[in-house]
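What follows is a short report on a single structure.
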Amino acid sequence: MSGSTRVSSLISPPVVSVSLGPWARAWRRFKRNRLGYWSLLIFMVLVVLSLLAEVISNDRPLLVRYQGEFYLPILKDYPEKTFGGDFETTTDYLDPFIRERLSRNGNWALFAPNSYGAKTLNYFAKAPNPSGPSRDNWLGTDDRGRDLLAQLIYGFRVSVLFALALTFFGTVLGMVTGAIQGFFGGKTDLAFQRFIEIWGAMPELYLLIIFSAVFAPSLALLLVLLSLFGWMGLSDYVRAEFLRNRQLDYVRAARSLGVSNWHIITRHLLPNSLTPVVTFLPFRMSGAILALTSLDFLGLGVPPGTPSLGELLSQGKNNIDAWWISLFTFAVLVLTLLLLTFMGDALRDALDPRKAES
């Protein structure tokens, strides 16, 4: 070996090859799918904006400076007398008199970009309700005089949070039941399969109608009822993965070493059976959003007064001339479902074992 070669070998660091794990490789494949990746980014931005709905769309100012003092109406109720009014009731910041008081003599109020909340009724509107898009109401109003843009922002948040909760509980139930069936097999598997067949034959819509007549409508009631029926589809996939993986050599070796069933399930089988669970998450979310929207459309969903995409679609059906209600609500619903579908397709391709790593 020459002197220059020895010097270069000392200076140049050794080349270390880093082997990525299966989930890291799947994430790289997911990012290469530009449609799915950008759908994920757009969806996350929309979710974050909806979580900040009170800052984006609110009939209360974010900050008020009146006669040298600062107030936070977004966090606290102030009586009208605080700002020079005559009553002890909570201040209506859309009242022209209050707005005039907050805009003179050095006073000012910082309003949200859209100065209407989820339940705000515009009593000072110049056009009858429902009114079309205007300078005051950018997307128009519904038949109750509520701002449509505020309804869509808050309704989107309700739908997404409900879908996340329903997906979480349905996924947990599906994973638990599928894991028990697939791991133990035999009579346990047969008993669960017969139960699933009977439970799946229950008329879900009729049960929802009965319970909505007996109990007061609420998101919690809907979440419980839909969770009781939403786990069966995923359970079959998890069961199939466990039935296949429990015959592999590493599971047999763990059993021969006396490892407990709980340890085998949680440490060995479950991590290797998560592919169908992760793949179906976006599709389960889209199904949950559609279920809530359909029930709201039929009047069996959220309590009255709660922002809802299904209720807006029902208003659009009842007010054919108010085209803006149906158009903008349908656009929000279609965009949400398209983003989730693109994400699901990209996730399915990323987790496909037949996809080769480039």
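Worth knowing before you read on, the calculation uses all heavy atoms, side chains too, and leaves out hydrogens, waters and symmetry mates.
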Backbone N/O of F283 and side chain of S286: donor-acceptor pair under 3.5 Å: yes
Test item: side-chain donor near acceptor, D147 and N114, under 3.5 Å: yes
F242 and F183: CA distance, side-chain angles, deciding distance, ring pair (Phe, Tyr, Trp, His ring centres under 6.0 Å) verdict: CA-CA 6 Å; F242 267 73; F183 181 77; 7.1 Å; no
Carboxylate-amine/guanidinium proximity below 4.0 Å for R239 and D236: no
Joint cluster assignment, L274 & L173, ILVMFWY side-chain distance < 4.5 Å: yes
Side chain to side chain donor-acceptor pair (under 3.5 Å) partners of D59, counting only residues at least two apart: T120
Distance-only donor-acceptor check, side chains N272 and N245, under 3.5 Å: no
Within-4.5 Å side-chain heavy-atom neighbours: R146 and K119: no
Intermediate values then yes/no, side-chain contact (heavy atoms from CB on, under 4.5 Å), I98 and T91: CA-CA 8 Å; I98 297 297; T91 305; 3.8 Å; yes
Q315 side chain to I325 backbone, donor-acceptor under 3.5 Å: no
CG (N318) with more than 12 external heavy atoms under 6.0 Å: yes
Closest contact, heavy atoms only, W231 versus I196: CH2-CG1, 3.7 Å
Side-chain donor or acceptor of R284 paired with backbone N/O of G230 under 3.5 Å: yes
Donor-acceptor under 3.5 Å (T82 side chain, Y78 main chain): no
Side chain to side chain donor-acceptor pair (under 3.5 Å) between Q181 and S235, worked out: CA-CA 9 Å; Q181 292 178 77; S235 175; 3.1 Å; yes
Within 6.0 angstrom of Y237 OH, more than 12 heavy atoms from elsewhere: no
Residues which pass ring pair (Phe, Tyr, Trp, His ring centres under 6.0 Å) with Y250, listed by chain and number, not counting sequence neighbours: none
W38 atom CH2, over 12 foreign heavy atoms within 6.0 Å: no
Contact check, side chains of M175 and V277, non-hydrogen atoms, under 4.5 Å: yes
Flag, side chain of W108 to backbone of Y66, donor-acceptor distance under 3.5 Å: no
Nearest atoms (heavy-atom pairs only) where Y154 meets G117: CE1-C, 4.3 Å
Donor on one side chain, acceptor on other, D77 and T90, under 3.5 Å: no
Basic-acidic side-chain contact under 4.0 Å: R65, E69: no
Whether over 12 other heavy atoms sit under 6.0 Å from F168 CZ: no
Pair R246 + E241, salt bridge at N-O below 4.0 Å: no
R267 atom CZ, over 12 foreign heavy atoms within 6.0 Å: no
Pair E54 + R157: basic N to acidic O under 4.0 Å: yes
